[in-house]
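Chain naming here is simple, since letters A, B, ... match the order of the sequence lines and numbering starts at 1 in each. Values in this document were obtained by computation on a predicted structure and should not be read as measured data. Computed from heavy atoms alone, side chains included, the values below leave out hydrogens, waters and symmetry copies.
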Protein chains: 2
Amino acid sequence: MQYSISHVAKMAGVSARTLRHYDEIGLLAPAAVSSNGYRWYGRSQLRRLQRILLLRDLDVSLPQINAILAGDDGEASALRRHLMLVTAERDRLDRIAATIVRTLDDLEGQDRLPDEEFFRGLDAGRAQLAATLQERFGDAAASTLQIAAARTAHWTRSDYDQAAADGRELYGRLSRTRQSGVDPASPQALDIVAEHYEAVHAMWPVDPAAYHALADLIEGDAQQRGVVGAEDRHLPPWLAAAIRAYAIHRLDYRRP
Amino acid sequence: MQYSISHVAKMAGVSARTLRHYDEIGLLAPAAVSSNGYRWYGRSQLRRLQRILLLRDLDVSLPQINAILAGDDGEASALRRHLMLVTAERDRLDRIAATIVRTLDDLEGQDRLPDEEFFRGLDAGRAQLAATLQERFGDAAASTLQIAAARTAHWTRSDYDQAAADGRELYGRLSRTRQSGVDPASPQALDIVAEHYEAVHAMWPVDPAAYHALADLIEGDAQQRGVVGAEDRHLPPWLAAAIRAYAIHRLDYRRP
DNA sequence: GTAGAAGTTGCCGTAGCGAGAGGGTCAATC
DNA sequence: GATTGACCCTCTCGCTACGGCAACTTCTAC
């Protein structure tokens, strides 16, 4: 009726160290501990261990397993939440795998030839932006751009098209908000600018000061003004004001 | 030309702590360290950092990145190997996600009704096996079976069908090997038994002694003999001999 | 001279154990 | 009674890639 630790370990296919660990963290205590310190396990411990291993196989964390077995929280709802984590991680790995495949294609010289002209244009635009940044904000800003750009080195034409479409959609919403007379510093405007901030932040490690400075660029640089104001030539100054308000009110930016 | 640590950190969107860590592990040393201990980075460090971050985004480990940048090993081949790891992990998470979904279906009562009869038969067979194990090898062996069975609690009918098909295929190959007059203790036979061992081991944490004992069951228990010898009634004793040889020669099993 | 910003080293914590070191306990055997 | 070998115990370090804090020094500005 009582099994020693290595006996249980063999039956369950885990190590004795693992069982000691589970004891240590309070996940599976032995039925009894004899005076010499030996751990002894019974049937109910085996049943509990069985459920532990089942959940562990699903990548549920040990504290989570403990919570589930304690009934702190319905098994079904816990599993549903866990499922979201697992699928999110799987999707992330899926994207990484796709990126690696593209990178390998690049390395093997099957270059981005079909869209060469597009990428030449992209590089030219980027060089111009780098020059502008250097002129306005100095050497370091240009370096920042270069590092950020390197992270999209593996992007394909369709990635850029997708990003451009997302950008146009966002500018469209901003434009409609402006046209409905909303103040650029109003909460409603800032909520949309938050998306703009997130999008910029995802590509480029901006701090509040840099985001604030971006307003100057959008308003003052002809190239940027052209991009932002393509559909609505009054958008650049409005967005610049909204960005400044966002930096100040939501990012706690203080003018130096 | 020289950037301070927090300056580089801001440009690259990482923390100063991260840069110190990279210095510590020898992944990215500063261009110079002044007498007060301050780290100073130059352009070439920025370029290296850019490549580091690119690979880090692909989940390449820091030592691996170091090896790749040192040119120890072609970038392409390193990435190909990494790709296999990533896709394997993604597939694992994919299977886990599918398992969780099935488990949730079960929990919500949409039980395995359509195949109820099949599962009743499975449970009956398993109960009989448990009884046999208990009789032959004692209580503990029956517990082992129970723990192992719990791990297939989420299997669906098609999982079982797949496993059964795999089993039949394996028995078929073993049978053809036997019929061609191969000795059960020959390397050729043991190579196929290795697959049998792997399959058993994946489901059931067998040690060499348990695997050796399985031979007795296959030879002596009517139920097991029926399964293994379904297509070839001379297979059970031959396989039993091969299993014993495998346990002794490849798993270093010694008779007590 | 003194504040504040920015730099340094160093240590603890993370998840889930693996791999020892160093030392008791138990059953069987000589 | 002593030895042997198989178990068992409790430490502690190591692994990833840093985050976060403490304690201290240094630079810069007023």
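Using five terminal pairs a side, the axes of the helix from C/dG1-D/dC30 to C/dC30-D/dG1 at its two ends make an angle of 50°, given in steps of 10 degrees.
Interatomic distance, CD1 of B/Ile65 versus CG of B/Leu28, reported as 11.0 Å (0.5 Å rounding). A distance of 9.5 Å separates OG1 in B/Thr87 from CG in A/Leu93, rounded to the nearest 0.5 Å.
Ionic pairing of A/Arg92 and B/Glu89 is not present here: no N-O contact between side-chain nitrogen and carboxylate oxygen is shorter than 4.0 angstrom.
The interatomic distance linking B/Leu19 (CG) with C/dA6 (P) rounds to 15 Å, in whole Å. Distance, B/Tyr3 OH to C/dA6 P: 18 Å, rounded to whole Å. Atom CG of A/Asp23 and atom C1' of D/dC8 are 14 Å apart (whole Å). Rounding to whole angstrom units, CD1 of residue B/Ile52 and P of D/dA17 are separated by 12 Å. As a whole-Å value, the separation of A/Trp40 CH2 from D/dC8 C1' is 9 Å.
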Contact string for nucleotides 7-19 of chain C, one letter per nucleotide 5' to 3', B = base within protein heavy-atom range under 4.0 Å, S = sugar-phosphate only, - = neither, reads SBB-B----BBBB

Step by step, work out the side chain to side chain donor-acceptor pair (under 3.5 Å) result for A/Ser4 and A/Trp40. CA-CA 5 Å; A/Ser4 73; A/Trp40 298 101; over 6 Å; no

- [ ] Start with the C-alpha gap between A/Arg244 and A/Asp216, add the side-chain angles, then the distance that decides, and say whether side chain to side chain contact (heavy atoms under 4.5 Å, CB included) holds.
- [x] CA-CA 9 Å; A/Arg244 291 195 187 95; A/Asp216 297 344; 2.9 Å; yes

message: Would A/Leu49 and A/Leu19 count as a side chain to side chain contact (heavy atoms under 4.5 Å, CB included) here? Give the steps.
response: CA-CA 9 Å; A/Leu49 178 56; A/Leu19 293 174; 4.0 Å; yes

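Ring geometry for B/Tyr246 versus B/Tyr211: interplanar angle over 60°, hence perpendicular rather than tilted (30 to 60°).
Looking only at distances, no side-chain donor or acceptor of A/Thr18 sits under 3.5 Å from a matching main-chain atom of A/Val14.
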